[in-house]
2 protein chains.
Amino acid sequence: MRNFIENLNKAFESRVRLGIMSILMVNETVDFGTLKEQLQITDGNMASHLSALEKLKYIEITKQFIGKKPNTSYAASALGKKAFNDHLDALERLINKTN
Amino acid sequence: MRNFIENLNKAFESRVRLGIMSILMVNETVDFGTLKEQLQITDGNMASHLSALEKLKYIEITKQFIGKKPNTSYAASALGKKAFNDHLDALERLINKTN
DNA sequence: AAAAGTACTTTGTAATTCAAAGTTAATATA
DNA sequence: TATATTAACTTTGAATTACAAAGTACTTTT
């Protein structure tokens with residue numbers, strides 16, 4: 001391919017979204033509070049990054065009540081997993097410059 | 001450590017700077033024109049990313065004449081190499097979530 | 001009734017990115 | 001000598017992005 005940085009996915013350039021996705025790659029579902037705690041950002045910021053990933057269909061959202069408390073949990077979609085793996089592959093190739 | 005995304009280096013969040021550094025990790029020195037061609041961005045854009053990396057002392061610049069033409073070449077500094085490797089380590093840990 | 005918790009949305013500001021145009025200094029060409 | 005070209009910038013301006021803080025909706029707890 002001509003330009004090897006263009007295979008990097010813009011969606012994962014942000015450290016926050018990179019963090020969200022990497023968490024969702026190893027955990028089936030993770031809720032809002034846990035993500036916020038792990039990434040240590042404000043809830044508004046968290047919500048907007050989640051919404052960006054949702055718009056891309058990279059994550060799926062499940063709203064439920066746990067006990068009496070509302071709980072929103074997130075999971076990487078098949079599309080999201082593929083996109084993330086592709087991004088990691090691109091990163092790896094970039095770093096090893098094997099392309 | 002508490003928050004595992006904060007180990008990612010902000011300087012390498014940009015695909016362009018990521019590209020520059022990865023090229024300079026495997027090539028001792030690379031000149032302006034080659035970098036521009038590899039990354040396919042405008043010269044102004046190229047220059048500003050290079051200047052950002054230079055301000056951080058991540059790269060070193062050598063200006064010379066090759067034949068009759070001016071030629072500026074770039075190399076990763078020891079500091080830059082360390083920073084980049086640290087970033088890659090952080091990325092790897094993030095992805096494998098081994099922290 | 002008041003306070004608190006969850007998950008937002010909105011607002012405003014600051015930072016980042018980029019292309020395009022302008023600049024400098026040298027060389028090459030007419 | 002004047003003009004054009006090349007390399008490597010710098011400047012400008014616009015668009016996008018990121019973020020914190022504040023506000024909102026709905027519910028539960030006190």
Side-chain angles (χ1 to χ4, degrees), chain A residues 3 5-24 27 29-56 58-75 87 94, chain B residues 3 5-24 27 29-56 58-75 87 94:
Chain A
N3 171 1
I5 66 170
E6 78 195 9
N7 296 310
L8 296 173
N9 192 328
K10 269 220 139 197
F12 306 131
E13 250 179 291
S14 139
R15 66 217 276 119
V16 175
R17 289 192 300 274
L18 197 66
I20 292 170
M21 285 305 293
S22 77
I23 290 171
L24 295 183
N27 300 95
T29 66
V30 179
D31 64 27
F32 190 92
T34 304
L35 284 173
K36 210 185 71 170
E37 183 201 345
Q38 289 288 307
L39 301 177
Q40 299 197 144
I41 57 178
T42 56
D43 52 357
N45 196 5
M46 185 82 249
S48 78
H49 283 294
L50 286 168
S51 145
L53 290 172
E54 196 207 355
K55 249 169 225 144
L56 295 167
Y58 285 175
I59 61 174
E60 280 151 14
I61 301 188
T62 305
K63 283 163 192 280
Q64 60 178 341
F65 273 79
I66 289 183
K68 300 293 182 59
K69 291 182 182 174
N71 181 281
T72 308
S73 67
Y74 302 86
H87 179 74
L94 176 71
Chain B
N3 171 0
I5 66 169
E6 78 194 10
N7 297 310
L8 296 173
N9 193 328
K10 269 220 140 199
F12 306 132
E13 249 179 291
S14 140
R15 66 219 273 116
V16 175
R17 289 191 301 275
L18 196 66
I20 293 171
M21 285 305 293
S22 75
I23 290 171
L24 295 182
N27 299 94
T29 66
V30 179
D31 65 26
F32 190 91
T34 304
L35 284 174
K36 210 184 72 170
E37 183 200 346
Q38 289 289 307
L39 301 177
Q40 299 198 143
I41 57 178
T42 57
D43 52 356
N45 196 5
M46 184 81 250
S48 77
H49 282 293
L50 287 167
S51 144
L53 290 172
E54 197 207 355
K55 250 170 223 141
L56 294 168
Y58 286 175
I59 61 174
E60 279 151 14
I61 301 187
T62 307
K63 284 165 191 278
Q64 59 177 342
F65 273 79
I66 290 183
K68 300 294 182 59
K69 291 183 181 173
N71 181 281
T72 308
S73 67
Y74 302 87
H87 178 74
L94 176 71

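Proteins get letters first, then strands, A, B, ... in listed order; numbering begins at 1 in each.
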Can you build the contact string for nucleotides 25-30 of chain D? Use B for base contact, S for sugar-phosphate-only contact, and - for no protein heavy atom under 4.0 Å. ---SS-

Which atoms of nucleotides 9-13 of chain D (N or O only) lie under 3.5 Å from a protein N or O atom, and what are those distances?
residue, atom, partner, partner atom, Å
D:dC9, OP1, B:Lys63, NZ, 2.4
D:dC9, OP2, B:Thr72, OG1, 3.3
D:dC9, OP2, B:Tyr74, OH, 2.3
D:dC9, N4, B:Asp43, OD1, 3.2
D:dC9, N4, B:Asp43, OD2, 2.9

Sequence neighbours excluded, which residues qualify as side chain to side chain contact (heavy atoms under 4.5 Å, CB included) partners of [X]?
X: A:Thr62; value: A:Ser73
X: B:Lys10; value: A:Arg15, B:Glu13
X: A:Ser51; value: A:Lys55

Could you write out each protein N or O paired with an N or O of nucleotides 11-13 of chain C at a distance under 3.5 Å?
none

Can you sort out the partners of [X] under side chain to side chain donor-acceptor pair (under 3.5 Å), two or more places apart, ordered by chain and number?
X: A:Thr29; answer: none
X: A:Asn71; answer: A:Asp31
X: B:Asn45; answer: B:His49
X: A:Tyr74; answer: none

Partner set under ring-ring contact (aromatic ring centres under 6.0 Å, His included) for A:Phe12, not counting sequence neighbours: A:Tyr58, A:Phe84, A:His87

Any side-chain N or O of A:Arg17 less than 4.0 Å from the OP1 or OP2 oxygen of D:dT17? no

For B:Glu54, salt bridge (charged side-chain N to carboxylate O under 4.0 Å, His left out) partners two or more places apart: none

